[in-house]
Structure formats: structure tokens, C-alpha cells
Number of protein chains: 2
Amino acid sequence: MSEILAKIKTPEKPGMRQRLMEAARAEFSDKGIESATTRGIAERAGCNEVTIFRHFESKQNLLAAVVQETSEEFSSLCECRGEFSGDPRKDLERFAQVYNASLERCEGMARALVGDGHRRPTLCKELVGDVIEPFHRSIACYLDRLKTEGLVRQDLNSTAFAEVFTSSLFGGLLRRTSGLSDLDRDAWLRETVDIFVHGIEVAK
Amino acid sequence: MSEILAKIKTPEKPGMRQRLMEAARAEFSDKGIESATTRGIAERAGCNEVTIFRHFESKQNLLAAVVQETSEEFSSLCECRGEFSGDPRKDLERFAQVYNASLERCEGMARALVGDGHRRPTLCKELVGDVIEPFHRSIACYLDRLKTEGLVRQDLNSTAFAEVFTSSLFGGLLRRTSGLSDLDRDAWLRETVDIFVHGIEVAK
DNA sequence: AAATGCTGCAAGTAATCACTTGCATGCAAG
DNA sequence: CTTGCATGCAAGTGATTACTTGCAGCATTT
């Protein structure tokens with residue numbers, strides 16, 4: 001796959017190809033994968049429809065390229081290397097902000113894949129699974145460290161926590177962008193972190 | 001709208017119309033709204049394509065009818081009247097199970113609407129917003145009652161809790177049906193409730 | 001100057017879509 | 001029996017889809 005792309009890519013004119021991918025991403029994002037048209041993409045890119053096929057050969061290939069790019073971008077966006085304060089609330093807030101910002105950047109594609117994605121399991125797994133998993137691991141790893149320090153309850157299932165935590169962030173994004181939530185982004189993040197830190201339990 | 005539907009509905013043969021709606025729901029669910037075809041719906045219903053248009057006049061109308069039906073079904077499924085034990089964990093588990101079961105029944109449509117829904121804000125609001133809101137209110141109301149009894153921390157934002165709670169259930173469903181989660185349904189519900197009850201805090 | 005390669009433009013292809021029309025059939029009520 | 005109504009079937013409409021072909025312009029490289 002990547003050799004093919006590289007071969008197409010290598011000639012001159014890097015501008016066109018990039019413009020096409022951005023246009024395609026925009027089109028896929030707000031029309032959905034099936035409803036996106038090559039004509040629409042060409043219009044967004046300000047070029048002729050034929051140019052798409054000269055670069056990518058098919059809509060399918062173009063989609064694959066866009067998904068790959070989105071996936072890489074998401075990955076690099078939510079790399080959470082570096083310093084943690086050790087204060088669980090602050091650090092969870094940071095996890096939440098980083099993850100949410102990455103999600104927002106890729107929201108359209110994520111939404112599109114939720115809709116059409118179960119008929120494209122490969123793409124779905126590539127974009128979502130392989131990308132989110134490392135993020136989950138870093139959260140779980142962080143929590144396990146706090147566990148050894150006694151800052152977190154011992155019976156917490158840290159990998160499950162990571163999944164549920166990011167799911168509520170994703171669900172929240174969907175609600176907000178559909179105009180269904182009373183909370184804005186910051187409120188959502190704050191409340192989410194608050195709940196995941198405290199639960200509903202009365203203070204000790 | 002309902003008068004129109006009623007007028008079409010009133011003639012004989014209740015079987016056909018119902019079969020069409022079920023077929024349409026299945027088709028919308030696994031092809032997505034835009035990619036669903038009237039031909040495919042007719043095949044599922046085991047009837048001629050023309051029959052669809054004689055009953056519903058357009059694909060648009062059929063979709064509207066299906067959404068309305070789905071919405072009503074979801075509403076009645078997740079009506080949470082009745083007795084609570086007063087034990088927060090047990091009751092949250094019950095909320096989670098009821099909501100999740102309702103979601104599962106309507107998963108295909110929900111997924112379809114996430115994908116194509118932002119170009120159909122009315123349908124989206126109808127199916128999702130107007131239906132989930134009452135459920136959120138009953139959770140919030142329940143929590144507020146527990147607050148007065150001192151069984152829940154006083155500074156908990158109960159409406160936000162309801163939103164975040166259901167969002168994580170929805171996100172979980174999406175993950176599972178995409179084959180992206182390690183947890184099965186029961187594990188997901190259990191872990192979610194566990195976190196929303198305890199958070200990560202060390203036991204008192 | 002010649003050659004190469006990206007691009008635009010015009011036109012066309014075969015498939016598929018939602019939707020229509022006209023007619024035949026069969027069932028049920030009058 | 002006859003009238004009405006739901007349905008099937010065959011055929012077709014016009015729009016739109018992804019994708020192709022052939023040609024010409026234009027820039028850069030050789």
C-alpha cells in the first residue's frame with residue numbers, strides 16, 4: 001500500500017496531492033463516506049475531477065489515504081509523553097484535554113466512521129483501534145503507578161477505567177456537536193474528570 | 001405528519017406496512033441512511049419496490065416513520081418508573097442495564113444517525129434529544145433525592161452526571177459493536193457503574 | 001528546441017438511484 | 001356478480017454516480 005502511495009506521490013507538485021487529501025477529508029467529514037462525491041471533493045480542492053483519479057486511481061484509495069493521514073495525526077496529537085504532577089485530578093484533566101482536542105480535530109472522520117464504519121472494519125480498526133490503544137495504555141499505566149503509591153484504590157480496573165473514560169469523552173463530543181448537550185466543552189471535561197475522580201461517594 | 005400517516009395507514013392490510021417499516025429499519029441500520037436503498041428494503045420485506053411508494057410516497061417519509069417508531073420504542077423501553085432500592089450501586093446498575101438494553105435494540109439507527117445525522121438535525125433531535133432527556137431527568141432526580149439523604153456528595157452536579165453516565169454507556173456500545181473493546185457488555189456495565197460510584201479515590 | 005509530466009476541459013460510459021406509469025391479478029365486501 | 005382495493009410485474013424516466021478517454025496548454029527539465 002505505502003509503496004503504491006509513495007510511487008504516486010514521488011513526482012513533482014506536492015501541492016495538489018495535499019490539497020486533494022484535505023478536500024477529501026472535509027467532504028468525507030461532513031457528507032459521510034458513502035455520500036461524499038468525487039465531484040464535491042474536486043470542487044473543494046479547486047481542481048478538475050479527473051485529477052483525483054490521476055492521483056489516487058479510485059475513491060476507495062483516496063479514502064484509505066485520508067484515513068491513514070488522520071490516524072497518524074491523531075496519534076501524534078494524543079501522545080502523552082512527559083511530566084505528570086502526581087495529582088490525579090490534574091493529570092486526568094490533562095489526559096482529558098489532550099484526548100478531547102485530538103478528537104475534535106478528527107471529529108468529522110470519527111463520526112463518518114461510526115456511521116459507515118462497520119462495513120469497513122479494516123479502516124475502523126486502523127483509525128480507531130490501533131490509535132486509541134496506546135493512549136489507553138498510557139492512562140492505565142499512569143493509574144497503576146498511582147496505585148503502588150496508594151493514591152488510587154487498589155481494586156480499580158485501570159484498563160477498564162481508560163476505556164470508560166475515553167468513551168465518555170467521545171460520547172460527550174457527539175452530544176455537543178449534535179447540539180444535544182447543555183454543557184460546553186470545558187464544562188464537560190471538568191464534570192467528567194470530577195466524576196471519574198470522585199464518583200458519587202460522599203467525601204471521606 | 002401523523003394525519004398523513006394515519007390516512008395511509010387506515011386501509012386494510014396492517015401486515016404490509018409493518019413489514020416495510022421493519023425492513024426499512026434493518027436496511028437503514030446496517031447500510032446507513034444514505035446508502036440504504038428502496039430496492040434493498042423491498043427485498044427484505046419480500047415485496048415489490050413499488051409497494052414502498054404506495055405506502056410512504058418517498059424514502060424520506062419512510063425514514064421519518066421509522067425514526068418516529070424507533071424513538072417511541074426507545075422511550076417506552078427506558079421508562080424507569082418504579083422502585084429503587086436506595087442503594088446507589090444497585091440503582092445505578094439498574095439504570096445502566098435499562099438504558100443499555102434500550103440502546104442495543106436501537107443501535108443500528110443510533111449509529112446511522114451519528115453518521116448522517118448532522119445533516120438531519122430534526123430527526124436527530126427527535127430520536128436522540130427528546131427521548132434521552134427524560135431519562136437523564138430521572139437519573140438526576142434520583143441522585144438529588146439521595147443527596148438530601150446524605151448518601152451522595154453534596155457538590156455533585158447531578159444533571160451533568162446523567163449526561164456523562166449515559167455517554168459512556170453509548171460510547172461503550174459503539175466500541176463493542178466495532179470489536180474494539182476488550183470488555184463484553186456485562187463487564188462494561190459493571191466497570192462503568194463501579195467507576196461512577198467510586199471514582200478512583202481510595203476507600204474511606 | 002525538444003521532451004516530459006501535471007493539469008484542465010469536454011465528452012462519454014455503464015451502473016445505480018428514487019420514483020412513475022399502466023396493466024393484470026386476486027381477495028373481500030357490497 | 002361486481003366493485004374496490006392492495007399488490008405484483010414490467011418497463012421506463014431522469015438524475016447522479018464513479019470512472020475513462022482523448023486532446024490541448026503550460027511549465028520545467030534536458
Side-chain angles (χ1 to χ4, degrees), chain A residues 4-67 112 115-116 119-120 123, chain B residues 4-67 112 115-116 119-120 123:
Chain A
I4 298 174
L5 293 180
K7 208 176 281 179
I8 299 175
K9 198 183 203 166
T10 35
E12 325 291 337
K13 208 84 170 192
M16 193 71 244
R17 190 187 165 85
Q18 197 52 36
R19 257 163 58 208
L20 277 174
M21 298 208 27
E22 280 160 25
R25 181 150 158 188
E27 178 87 356
F28 284 131
S29 292
D30 73 51
K31 297 256 182 83
I33 292 175
E34 301 287 346
S35 304
T37 70
T38 51
R39 191 170 304 171
I41 296 172
E43 272 170 23
R44 284 177 203 253
C47 75
N48 196 282
E49 195 181 352
V50 193
T51 305
I52 293 176
F53 296 97
R54 292 204 259 244
H55 274 266
F56 297 91
E57 299 199 288
S58 71
K59 181 185 169 185
Q60 207 46 232
N61 278 356
L62 175 54
L63 171 63
V66 168
V67 166
D116 306 281
R119 267 165 303 121
R120 309 180 125 80
L123 286 191
Chain B
I4 298 174
L5 293 180
K7 209 176 281 177
I8 298 175
K9 196 183 204 167
T10 35
E12 326 290 337
K13 209 82 170 188
M16 194 69 248
R17 189 187 166 86
Q18 196 53 34
R19 257 163 60 210
L20 277 174
M21 297 209 25
E22 279 159 26
R25 182 148 156 188
E27 176 88 356
F28 285 132
S29 292
D30 73 47
K31 297 260 180 82
I33 292 174
E34 302 285 346
S35 302
T37 70
T38 50
R39 190 170 306 172
I41 295 172
E43 272 169 25
R44 284 178 203 253
C47 74
N48 196 280
E49 195 181 353
V50 196
T51 306
I52 293 176
F53 296 98
R54 292 203 258 244
H55 274 267
F56 297 92
E57 300 201 285
S58 72
K59 182 185 169 186
Q60 207 47 233
N61 278 358
L62 174 55
L63 171 63
V66 169
V67 166
D116 307 283
R119 267 167 302 118
R120 309 181 124 81
L123 287 191

D:dT7 phosphate, OP1 or OP2, under 4.0 Å from B:H55 side-chain N/O: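 Yes, because at least one side-chain N or O of B:H55 sits under 4.0 Å from OP1 or OP2 of D:dT7.
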
Output yes when at least one side-chain N/O atom of B:T51 is less than 4.0 Å from OP1 or OP2 of D:dG8, else no.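 B:T51 to D:dG8 OP1/OP2: side-chain N or O found under 4.0 Å.
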
Check the distance between [N]'s [atom2] and [X]'s [atom1] and give it to me in whole angstrom.
X: A:E43; N: D:dT16; atom1: CD; atom2: P; result: 12 Å
X: A:I41; N: D:dT17; atom1: CD1; atom2: P; result: 11 Å
X: A:N48; N: D:dA18; atom1: CG; atom2: P; result: 14 Å
X: B:R17; N: D:dT7; atom1: CZ; atom2: P; result: 11 Å
X: B:R19; N: D:dA6; atom1: CZ; atom2: C1'; result: 12 Å
X: A:I52; N: C:dT7; atom1: CD1; atom2: C1'; result: 13 Å

End-to-end bend of the helix from C:dA1-D:dT30 to C:dG30-D:dC1 (five-pair axes, 10° rounding)?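 It works out to 0° between the end axes.
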
Protein proximity profile, nucleotides 14-22 of chain C - base contact B, sugar-phosphate-only contact S, no contact -, cut-off 4.0 Å on heavy atoms: ---SSBBBB

Residues touching DNA chain D, which here means a heavy atom under 4.0 Å, drawn from residues 20-27 of chain A: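 Within this stretch, nothing sits under 4.0 Å of the strand.
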
Measuring only between side-chain heavy atoms, which start at C-beta, is [X] closer than 4.5 Å to [Y]?
X: A:E34; Y: B:E34; value: no
X: B:R25; Y: B:E22; value: no
X: B:K59; Y: B:L63; value: no

Under the rule for side chain to side chain donor-acceptor pair (under 3.5 Å), what residues qualify as partners of A:K31, not counting sequence neighbours?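 In terms of side chain to side chain donor-acceptor pair (under 3.5 Å), with neighbours along the sequence ignored, A:K31 is linked to A:E27.
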
Using the test side chain to side chain donor-acceptor pair (under 3.5 Å), find all partners of A:E49 that sit at least two apart in sequence or belong to another chain.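 Scan of A:E49 (side chain to side chain donor-acceptor pair (under 3.5 Å), adjacent residues dropped) gives A:T38.
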
A:A26: partners by side-chain contact (heavy atoms from CB on, under 4.5 Å), with sequence neighbours left out: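 Residues passing side-chain contact (heavy atoms from CB on, under 4.5 Å) with A:A26: A:R44.
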
